Amino acid sequence: MVGNVEVLSPYSNGAIPNHNGLEEKLDEFRLVLGKADGDLLRIVGVGAGAWGSVFAALLQDSYGQFRDKVQIRLWRRPGRAVDRATAEQLFDVINSREDVLRRLIRRCAYLKYVEARLGDRTLYADEILKDGFCLNMINTPLCPLKVVSNLQEAIWDADVVVNGLPSTETREVFEEISKYWKERITMPIIISLAKGIEAALDPVPHIITPTQMINWATGVPMENILYLGGPNIASEIYDKEYANARICGADEWRKPLARFLRQPHFIVWDNSDLVTHEVMGGLKNVYAIGAGMAAALTNESATSKSVYFAHCTSEMIFITHLLTEEPEKLAGPLLADTYVTLLKGRNAWYGQMIAKGELSLDMGDSITGKGMIQGVSAVGAFYELLSQPSLSVIHPEGSKPVAPVELCPILKTLYKILISREQQPRAILQALRDENLNDPRDRIEIAQSHAFYRPSLLGQP
């Protein structure tokens with residue numbers, strides 16, 4: 001069934017904004033893409049989690065007013081019902097925000113939320129998204145969005161596709177998308193927001209990233225696929241808290257895109273190192289889960305959390321020495337992204353809920369109101385990769401070769417808690433209190449003083 005597309009007013013919040021050079025930036029980007037007058041620039045978000053929805057809303061707020069030049073749409077699967085508790089919460093949010101309430105009344109959309117609150121109607125995720133409510137971020141109303149529930153209709157003629165899917169769903173959806181692009185003459189630009197990895201062991205152990213999945217699924221060249229990530233929380237970005245991000249990829253597109261996406265409160269830098277930044281975005285989610293566990297188990301002890309931070313960052317630095325020849329270039333972005341995720345990210349929240357017993361591992365890693373917890377699959381992938389004997393490094397004490405994971409006790413413990421389920425969450429504290437645990441600085445010195453770099457991990461010769 002073809003999804004309906006809603007026609008919006010030129011100004012998503014009802015007010016006439018100050019253009020602040022936005023039309024000039026849009027014209028500049030259209031020129032780079034070779035768009036003729038009268039030919040719409042078509043931007044489509046695929047996946048409507050928190051970050052994917054906010055990304056589309058940021059573009060709609062900035063450029064949606066220029067309806068004769070750009071069309072911004074968002075695809076999500078139809079049929080996801082909103083449960084009664086969420087409908088009640090949504091009603092409370094609407095009535096606490098006069099601007100949102102007035103907007104819904106003006107659009108004749110308020111009554112359905114009253115009916116849902118009373119239990120007389122079922123709302124659906126794609127339905128409320130049109131009104132600016134993301135199911136994974138109910139407390140932060142967005143601008144109204146153009147939502148399409150038919151994937152072919154959404155993407156067949158798109159100029160720019162934004163991948164807002166979890167890494168675990170990226171391959172499957174883009175394999176379907178590839179069926180609709182067989183007749184295309186020019187390839188679209190794809191920006192991936194996904195943070196996660198898969199492990200592959202044949203012919204040698206290596207990491208598969210979402211951008212690589214997209215490339216293999218669709219045949220779109222890597223030069224047209226970019227990754228955007230940074231130390232940010234989706235709701236705070238939409239609330240215009242100061243934030244920055246990096247768009248990584250080929251020279252041809254990353255600089256024009258950085259300028260097009262940049263806003264006064266959202267600074268976008270550019271970098272050529274796509275895959276390594278993408279992998280780092282997945283790595284920090286691993287350790288964020290452990291941070292949440294440690295915080296919950298120590299009653300938010302600042303001292304205990306700092307001990308955990310020292311050990312987890314030393315493991316991450318060790319792993320970056322395996323992945324890149326110049327790991328020092330990643331130190332700032334990795335630590336910044338890790339810091340914000342530990343403070344307020346969904347992976348740290350998930351670790352807390354598991355440690356408190358408020359969530360069970362049997363519930364899976366897709367959580368109502370939060371979306372996909374991508375750190376869980378990343379724990380399994382990094383553990384599997386770093387357990388391979390072919391990647392062995394010399395252990396500092398026994399002077400014998402060991403798999404790299406043997407020097408990463410937190411990663412090992414998280415695997416035993418989340419994947420093999422051999423241990424309970426409290427084991428994360430035992431890992432930190434082990435008397436045989438090396439000083440975190442020792443692990444960093446080991447990495448810096450040995451030739452650990454394994455280019456094959458990122459698919460390089």
Side-chain angles (χ1 to χ4, degrees), residues 3 43-60 72-83 86 89-90 123-143 145-149 151 154-155 161-174 177 190-197 209-211 213-214 227-239 243 245 266 278 281-282 284-285 288-289 337 340-341 344-350 363-378:
I43 302 174
V44 176
V46 176
W51 189 202
S53 297
V54 163
F55 196 86
L58 290 173
L59 293 175
Q60 178 66 31
I72 300 157
R73 301 192 294 176
L74 186 60
W75 171 83
R76 74 154 292 141
R77 294 182 179 91
R80 173 75 181 274
V82 178
D83 61 47
T86 303
Q89 180 186 356
L90 183 53
L123 297 171
Y124 292 90
D126 54 323
E127 175 186 14
I128 67 172
L129 189 58
K130 294 175 184 178
D131 293 326
F133 301 109
C134 171
L135 192 57
N136 294 342
M137 201 174 57
I138 290 297
N139 291 321
T140 304
L142 309 175
C143 64
L145 294 166
K146 299 173 183 177
V147 180
V148 185
S149 57
L151 184 58
I155 58 82
V161 175
V162 180
N163 175 34
L165 296 162
S167 59
T168 49
E169 298 177 19
T170 293
R171 187 194 305 273
E172 177 186 354
V173 174
F174 275 87
I177 287 174
I190 300 174
I191 303 169
S192 181
L193 310 178
K195 296 179 177 179
I197 69 161
T209 67
T211 59
M213 297 175 200
I214 294 169
Y227 165 73
L228 185 138
N232 44 57
I233 300 296
S235 60
E236 293 186 353
I237 292 176
Y238 195 73
D239 286 339
F266 184 56
E278 197 175 12
K284 55 90 180 177
N285 286 335
I289 294 177
D337 211 354
V340 74
T341 304
K344 202 173 178 180
R346 76 181 73 174
N347 288 277
W349 171 87
Y350 178 78
M363 297 171 67
D365 49 7
S366 181
I367 306 298
T368 301
K370 289 291 182 179
M372 184 64 68
I373 309 300
Q374 299 194 77
V376 177
S377 61

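Model, not experiment: these values are computed from the prediction. FYI, the numbering just counts along the sequence from 1.
Atom CG of residue Asn347 and atom CD1 of residue Ile289 lie 5.0 Å apart, to the nearest 0.5 angstrom. Trp51 CH2 to Leu193 CG: the interatomic distance, rounded to the nearest 0.5 Å, is 6.5 Å. Rounding to the nearest 0.5 angstrom, the gap separating the CZ atom in Arg76 from the SG atom in Cys134 is 7.5 Å. For the atom pair Phe55 CZ and Gln60 CD, the distance stands at 13.5 Å (nearest 0.5 Å). A distance of 5.0 Å separates CD in Gln89 from CG in Asn139, rounded to the nearest 0.5 Å.
Partners of Glu172 under the salt bridge (charged side-chain N to carboxylate O under 4.0 Å, His left out) rule, at least two apart in sequence or in another chain, do not exist in this structure. In this view, Arg77 and Glu169 satisfy the side chain to side chain donor-acceptor pair (under 3.5 Å) rule, not counting sequence neighbours. The side chain to side chain contact (heavy atoms under 4.5 Å, CB included) test applied to Thr168 returns Pro166, Met372, Ser377, not counting sequence neighbours. Take Glu278 and apply the side chain to side chain donor-acceptor pair (under 3.5 Å) test, not counting sequence neighbours, and it matches Thr209, Thr211. For the ring pair (Phe, Tyr, Trp, His ring centres under 6.0 Å) test, residues two or more places apart in sequence or in another chain that qualify with Phe133 are Tyr113. Residues that satisfy the ring pair (Phe, Tyr, Trp, His ring centres under 6.0 Å) test with Tyr227, not counting sequence neighbours, are absent from this structure.
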Side chain to side chain contact (heavy atoms under 4.5 Å, CB included) between Val340 and Asn232, intermediate numbers included
CA-CA 7 Å; Val340 74; Asn232 44 57; 6.0 Å; no
List the steps, then state whether side chain to side chain contact (heavy atoms under 4.5 Å, CB included) holds for Leu129 with Ser53.
CA-CA 8 Å; Leu129 189 58; Ser53 297; 3.9 Å; yes
Show your reasoning for whether side chain to side chain contact (heavy atoms under 4.5 Å, CB included) applies to Ile43 and Arg73.
CA-CA 6 Å; Ile43 302 174; Arg73 301 192 294 176; over 6 Å; no
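For the residue pair Asp365 / Gln374, no side-chain donor-acceptor distance below 3.5 Å is found, with atom types taken as modelled.
Tyr238 places a side-chain N or O within 3.5 Å of a backbone atom of Cys143 that can act as its donor or acceptor partner.
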